[in-house]
Structures are given as C-alpha cells and as structure tokens.
Amino acid sequence: MTDSSKDLETIERTFVAFKPDAVQRGIVGEILQRLERAGLKIVAMKMVKASNDLLHEHYSEHKGKDFFENLIDFMGDGPVIAGVLEGVKAVSVVRKLVGATEPYEAAAGTIRGDYAHVSVEHSNKKDKAVKNLIHASGNLEEAEKEIGLWFSDDEIYTYNRADKAHLM
Ligand code: UDP
Ligand code: MG
C-alpha cells in the first residue's frame, strides 16, 4: 500500500534524544519500545557524545535561564541516543507519551511519570538539571531545527513498517 497524498499531509517527523540518565540506567530499550509500540517509525538513530556547541545550539531557547548551565552539564555527562521518529501527528504524540517536564507531576503511564519522580525544586536544591530521561521536540518548528542539527539527510531512512496497514 502506498501513502496517499492525504496521509502525507498529516505525517510528521520529530526529534528525540535519550538523555544520559536513560542511557546510564540501561532503560533506553524499554522506553524506545513504548514509542515503537504506538506505531511511530524510527527513521534515524545514533549514539552521540554531544559537544558543548551542539548542546548550546540545541537548547538555545533556554540560554540565560537559571538552569541552563546545569542542563548543558547533564546532557554532556555521557552519550545520548538521538533519533528521528515519524508518524501521524508525531510531534504531539511523542510529547504525550513523554509527559510533563517535571517527573513528579508527569502523568502515570508517561515515560517521565513511570521512570522518574523528581521536581524542579529538588533538582535546583541539588544544583542539578532535572533528570527526565528523554528529550522530544516541542513543536514542528523545533523538530525541523533539531533534526537538521543532529542528523544529515543521508542518515534519515525511508522504509515501510510491516504492520503499516494496521497503523496508518
Ligand atoms: N530543566 C531543568 N530545570 C528547569 C526546567 C528545565 O533542569 O527548571 C531541564 C529539563 O531536563 C528539561 C530541559 O531542561 O527537560 C529542557 O526544558 P524544557 O522546558 O524545554 O522542557 P521539555 O521540553 O524537555 O519538557
Ligand atoms: Mg523543550
């Protein structure tokens, strides 16, 4: 079955990064399974030890905020696993599965709600960034910027998932 032009209008790509806490806790596979299970297609993925420059660019919207330096330290603490996921309304679907920024208030059933529990207040007291396992683009514009920053065009693949007939 081929994509109809109607399908293509609603299919999006979004950027995700499994943060160093997820990599170091050995739960990347479990988390990724949740995203694949929802029908999102992995179209790019790689392990990266992000440079300071890359992280500054990635989080440029937060430059100057209190937590910025702690965030850069946290994200540079070890390798991350970066990826691009594709699907219908992928940006908002992935944000829904990821949950709220502060794990203590992220809903049960979300990645941040199920695998972490800390608050901004607690992290600030420890002078650390909030360890919340995964980054996901907040909107389409952010997704486009982030995909371009982390991946070249030839690292992003096109293929069909075998279960596509039931998912799309
Ligand atoms: N963060 C933090 N303290 C804050 C706000 C955010 O340490 O007060 C960290 C946290 O890891 C978060 C990241 O900075 O995921 C980016 O913040 P943003 O508001 O963009 O949250 P997200 O889009 O990741 O939910
Ligand atoms: Mg954000």
Side-chain angles (χ1 to χ4, degrees), residues 1-23 28-29 31-65 67-103 106-107 110-113 129-161 163-164 167-168:
M1 200 192 280
T2 54
D3 291 327
S4 72
S5 54
K6 264 210 162 117
D7 272 350
L8 293 172
E9 282 170 20
T10 49
I11 293 172
E12 297 173 356
R13 283 179 174 173
T14 191
F15 175 78
V16 294
F18 296 91
K19 297 184 178 185
D21 55 333
V23 175
V28 170
I31 297 172
L32 182 58
Q33 184 179 41
R34 291 173 168 228
L35 301 168
E36 282 190 293
R37 192 174 61 188
L40 295 154
K41 190 198 289 183
I42 302 165
V43 294
M45 193 147 280
K46 62 183 175 187
M47 184 172 253
V48 183
K49 176 73 167 62
S51 68
N52 237 34
D53 283 354
L54 174 58
L55 293 174
H56 275 251
E57 193 51 47
H58 173 78
Y59 279 126
S60 57
E61 64 165 316
H62 295 310
K63 231 166 245 180
K65 295 184 186 169
F67 62 87
F68 185 72
E69 288 306 326
N70 286 339
L71 176 59
I72 300 299
D73 286 351
F74 164 47
M75 291 295 288
D77 178 57
V80 304
I81 294 178
V84 180
L85 299 175
E86 191 179 89
V88 175
K89 301 259 183 219
V91 172
S92 48
V93 168
V94 172
R95 290 289 291 201
K96 176 189 70 179
L97 295 173
V98 163
T101 303
E102 289 188 77
T110 65
I111 293 163
R112 288 168 170 174
V130 175
K131 296 186 178 189
N132 55 10
L133 305 153
I134 183 168
H135 167 84
S137 307
N139 54 54
L140 263 180
E141 193 188 348
E142 213 174 281
E144 203 171 313
K145 169 198 155 184
E146 292 171 355
I147 291 168
L149 200 55
W150 291 78
F151 289 96
S152 56
D153 287 348
D154 65 0
E155 291 176 311
I156 302 174
Y157 294 91
T158 304
Y159 66 96
N160 281 321
R161 267 182 65 153
D163 52 1
K164 182 179 173 182
L167 290 170
M168 306 283 281

Note: L85 and A90 closest approach over all heavy atoms is O-CB, 4.1 Å

Distance (rounded to the nearest 0.5 Å) between M45 CE and W150 CH2: 12.0 Å

Just by modelled atom types, is the K19 backbone N or O under 3.5 Å from a matching donor or acceptor in the K131 side chain? no

Does any non-hydrogen side-chain atom of H58 lie less than 4.5 Å from one of E146? yes

Could you label the plane-to-plane angle of the H135 and F15 rings as parallel, tilted or perpendicular, counting under 30° as parallel and over 60° as perpendicular? tilted

Does a side chain donor of either D53 or S51 reach within less than 3.5 Å of an acceptor in the other side chain? no

E86 CD: over 12 foreign heavy atoms closer than 6.0 Å: yes

From CA spacing to verdict: side chain to side chain contact (heavy atoms under 4.5 Å, CB included), V93, T14: CA-CA 10 Å; V93 168; T14 191; over 6 Å; no

K89, NZ atom: more than 12 neighbouring heavy atoms under 6.0 Å: no

Taking all non-hydrogen atoms of both residues, which atom of A143 and which atom of S137 are closest, and how far apart? CA-OG, 3.3 Å

Interatomic distance, CG@N132 vs CD@E102, rounded to 0.5 Å, equals 9.5 Å

Does CD in E155 sit with more than 12 non-hydrogen atoms of other residues, nucleotides or ligands closer than 6.0 Å? yes

Worked check of side chain to side chain contact (heavy atoms under 4.5 Å, CB included) between F18 and I134: CA-CA 5 Å; F18 296 91; I134 183 168; 3.8 Å; yes

Hey, what do you get for CG (L35) to CD1 (I42), rounding to the nearest 0.5 Å? 8.0 Å

Between R37 and R34, is the side chain to side chain contact (heavy atoms under 4.5 Å, CB included) condition met? List the steps. CA-CA 5 Å; R37 192 174 61 188; R34 291 173 168 228; 3.8 Å; yes

Got a second to check how far I81's CD1 is from M47's CE, nearest 0.5 Å? 4.0 Å

Under a 4.0 Å threshold between the charged nitrogen and the carboxylate oxygen, would R161 count as salt-bridged to D163? yes

What distance separates T110 OG1 from R95 CZ, expressed to the nearest 0.5 Å? 11.5 Å

What is the minimum heavy-atom distance between F74 and V130, and which atoms define it? CE2-O, 3.7 Å

Determine the minimum heavy-atom distance between L133 and R112, stating which atoms define it. CD1-CA, 4.3 Å

Any idea which heavy atoms bring A22 and I31 closest together, and the distance? CB-CD1, 4.2 Å

When you measure from the side chain of K49 to the backbone of V80, do you find a donor-acceptor pair of N or O atoms at a distance under 3.5 Å? no

Output for pair (K63 NZ, E69 CD), nearest 0.5 Å, gives 10.0 Å

Should the pair K41 and Y159 be classed as cation-pi, given the thresholds of under 6.0 Å to the six-membered ring centre and 45° from the axis? yes

